[in-house]
Amino acid sequence: MNTYIEFAHIYDELMEDIDYYSWMDFIKYILDAYDKKPHDVLEMGCGTGNLTRLLCKEGYNVIAFDLSEDMLSIAYNKLDSYRSIQLLKQNMIDFNLNKEFDMVVSACDSINYITDYSELMKAFANVYSHLRPGGVFIFDVNSHYKLKNIIGNNTFVEDQEDVFYVWENEYDEVNNICEFYITFFVKEQSLYKRFEEIHVEKAYTSSEIENALRKSGFKNINVYNGYSKELPNEETERLTYLAMK
Ligand SMILES: C[S@@+](CC[C@H](N)C(=O)[O-])C[C@H]1O[C@@H](n2cnc3c(N)ncnc32)[C@H](O)[C@@H]1O
């Protein structure tokens, strides 16, 4: 699929509003609350390494992976100065690292890119088998509410300094799949380069996610309103899950 290729090179510019520091603060809050002191950390769908960098700064021994080579190449340059990081090209659905971790994280709706429920279960089972007993799994998803009602069948236009993009969406109510057709125009000297990407995210219900976690063996499952200590409500757009082995 045509995802995170050329987009990778402008991803950070478009994600400027995301406060990864507050996401890291939330992760630290959870770890403190449950008296967890991780050493080995795995990040799935690390993208350009924005959260990865903060995990490295915390002093964790980090392995981070993604499916997109273009995203990984940006992450590689960003994380060049850290010694405690290994970047890999792997798929969340079938990775096998032959290693156990104290914490697995996955941020910014990477999990929604798993569009088949049986594959979501495989991914969760895989996370479970890569965690040490007592290990924690923290991840977020775009909520069913957001994908259906906010992104849904709507079109968004964004005009930034060097990037103009049109983001047209189609929501399939039967399968709860949202397709994003994004056309980018990126300024290169005095011309704009045009390219297109198609992204597909699945809107999982909370019960689908919680059942998949339980079936994989996870316990102590909690869900939050984004990266805040608040409980979610019906209009929460980003749900952050905590589950333990
Ligand atoms: C919205 S980006 C989030 C990137 C990063 N976690 C962040 O916080 O900025 C979603 C990422 O998930 C990756 N991804 C999608 N499906 C994947 C899969 N099956 N295995 C590994 N990575 C995947 C994409 O390549 C992309 O980098």
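We count ligands from 1, going down the list as the structure has it; atoms in each ligand are counted the same way. Numbers here simply count residues along the sequence, with the first being 1.
- Two rings, from Tyr113 and Tyr4, have their centers less than 6.0 Å apart.
- For Lys148, the salt bridge (Lys or Arg N to Asp or Glu O under 4.0 Å) test picks out Glu173, with sequence neighbours left out.
- The stretch residues 74-94 participates, sequence neighbours left out, in these salt bridge (Lys or Arg N to Asp or Glu O under 4.0 Å) pairs: Asp12-Lys78, Glu69-Lys89.
- Listed by first and then second residue, the salt bridge (Lys or Arg N to Asp or Glu O under 4.0 Å) pairs involving residues 115-131 amount to none (not counting sequence neighbours).
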Pairwise, report which nitrogen or oxygen atoms of ligand 1 are under 3.5 angstrom from protein nitrogen or oxygen atoms, and how far apart they are.
unit_1   : atom_1 : unit_2 : atom_2 : d
ligand 1 : 6 (N)  : Gly45  : O      : 2.7
ligand 1 : 6 (N)  : Ala107 : O      : 2.9
ligand 1 : 8 (O)  : Tyr20  : OH     : 3.4
ligand 1 : 9 (O)  : Tyr11  : OH     : 2.7
ligand 1 : 9 (O)  : Tyr20  : OH     : 2.6
ligand 1 : 12 (O) : Ser110 : OG     : 3.3
ligand 1 : 19 (N) : Asn91  : OD1    : 2.8
ligand 1 : 20 (N) : Met92  : N      : 2.9
ligand 1 : 22 (N) : Leu67  : N      : 3.3
ligand 1 : 25 (O) : Asp66  : OD1    : 2.6
ligand 1 : 27 (O) : Asp66  : OD1    : 3.2
ligand 1 : 27 (O) : Asp66  : OD2    : 2.7

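- Under the 4.0 Å criterion applied to side-chain N and carboxylate O atoms, Lys36 and Asp102 are not assigned as salt-bridge partners.
- At a threshold of 4.0 Å, the pair Lys193-Glu6 counts as salt-bridged, since one of the basic side-chain nitrogens sits closer than that to a carboxylate oxygen.
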